[in-house]
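Note: hydrogens, waters and symmetry copies are ignored here, and every other heavy atom, side chains too, is used. Below, chain A is the first sequence line, B the second, and so on; all start at residue 1. As the structure is a computational prediction, the values presented were derived from the model and not from experiment.
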Number of protein chains: 2
Amino acid sequence: MGDKLGPDVKGSAEILVLALVEDRARHGYEIGKLIEERSGGVLKFHIASLYPMLYRLEKRALITGRWVEKAGQRRKRYYRITAEGRRVLASHRTRWEEFILALTRVAGIRHA
Amino acid sequence: MGDKLGPDVKGSAEILVLALVEDRARHGYEIGKLIEERSGGVLKFHIASLYPMLYRLEKRALITGRWVEKAGQRRKRYYRITAEGRRVLASHRTRWEEFILALTRVAGIRHA
DNA sequence: CTCCCATATGTGGCATTGATACATATATGG
DNA sequence: CCATATATGTATCAATGCCACATATGGGAG
């Protein structure tokens, strides 16, 4: 798949994954594709890094996965967000908004 | 000094430092203080992490440092931005703007 | 006078994050 | 038949920044 996440930003993957499983269950490969598509190619998450991230999120009970097998398709693991995941996602959004505002002020970034 | 940088964001320190030495020479401790002050306490960079970052930036010739000794004061190392540093800072700003926009779209962050 | 705090710089160890290389498996199209 | 897209997974590695610790000085509180 793609190249890199952001401007060498580490720490955005979690909010991205949580946001993408917020409304419906999705599997790993799909999440990776969506991050790239919806960001217009700006955010590219290495698919191989995505799976360990999903296991961590599941271990922390922010998402839950379940295997789905269909004839003529490779098995897929679909993840849904949990109640705790929603709380963490909400707090992530607040923190990111504050962070972006602060970075804008201190580093002189203009946002459209 | 403070607690943490952002929402567990790694990769923002470089643009912060470069932006703060953009207009005038500053020393490490001052930079750390300014990041915290100007961000209203949102961005707190561990001062101990700042010095290695400054050495890296100097090694990459994005900033240049010089020792200043005054009677009755501990020696300070003042850093200025280089021409190459300005180029990198400008590109960082562009990349961050794109990144923030993309994150806003994909992760559903609203920015004021 | 002594102790603590703010200032100021520095080192070493550590955890987390995500890149990268590699491996496996299946369906589809050329 | 082979390449490509889909789909998941493991192991190794580098970078980033947290944290503990160390050093040094000046000023203010007790």
Provide, to the nearest angstrom, the distance between the [atom1] atom belonging to [X] and the [atom2] atom belonging to [N].
{"X": "A:I35", "N": "C:dT17", "atom1": "CD1", "atom2": "P", "answer": "15 Å"}
{"X": "B:L50", "N": "D:dC19", "atom1": "CG", "atom2": "C1'", "answer": "15 Å"}
{"X": "A:R26", "N": "D:dT8", "atom1": "CZ", "atom2": "C1'", "answer": "18 Å"}
{"X": "A:L54", "N": "D:dT8", "atom1": "CG", "atom2": "C1'", "answer": "10 Å"}
{"X": "A:M53", "N": "C:dT16", "atom1": "CE", "atom2": "P", "answer": "12 Å"}
{"X": "A:K70", "N": "C:dA27", "atom1": "NZ", "atom2": "P", "answer": "14 Å"}
{"X": "A:E69", "N": "D:dT6", "atom1": "CD", "atom2": "C1'", "answer": "15 Å"}
{"X": "B:E14", "N": "D:dG17", "atom1": "CD", "atom2": "P", "answer": "9 Å"}

Could you tell me which non-hydrogen atom of B:L16 sits nearest to which non-hydrogen atom of A:A107, and how far apart they are?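 Closest approach of B:L16 to A:A107, heavy atoms only: CD2-CB, 4.2 Å.
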message: On the nucleotide C:dT20, are OP1 or OP2 found under 4.0 Å from the side-chain N or O atoms that A:H46 carries?
response: yes
Per-nt protein contacts along nucleotides 7-15 of chain C (heavy atom under 4.0 Å; B base, S backbone sugar-phosphate only, - none) come out as BBBBB---B
Would you say the side chain of B:W96 lies within less than 4.5 Å of the side chain of B:S12, judging by non-hydrogen atoms?
-> yes
Open item on the list: Test of understanding: with side-chain hydrogen bond (donor to acceptor under 3.5 Å, both in side chains), list the residues that count as partners of A:R38, not counting sequence neighbours.
Closed with: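 Checked A:R38 against side-chain hydrogen bond (donor to acceptor under 3.5 Å, both in side chains); zero matches.
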> Taking only residues two or more places apart in sequence or in another chain, which ones pass side-chain hydrogen bond (donor to acceptor under 3.5 Å, both in side chains) with A:R60?
Replying inline: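 Expected list: A:E14.
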Under 4.0 Å between a side-chain nitrogen and a carboxylate oxygen: does that hold for A:R77 and A:E58?
yes
>> Less than 4.0 angstrom from a charged side-chain N to a carboxylate O is my criterion; do A:R93 and A:E22 meet it?
In response: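 Salt bridge: yes.
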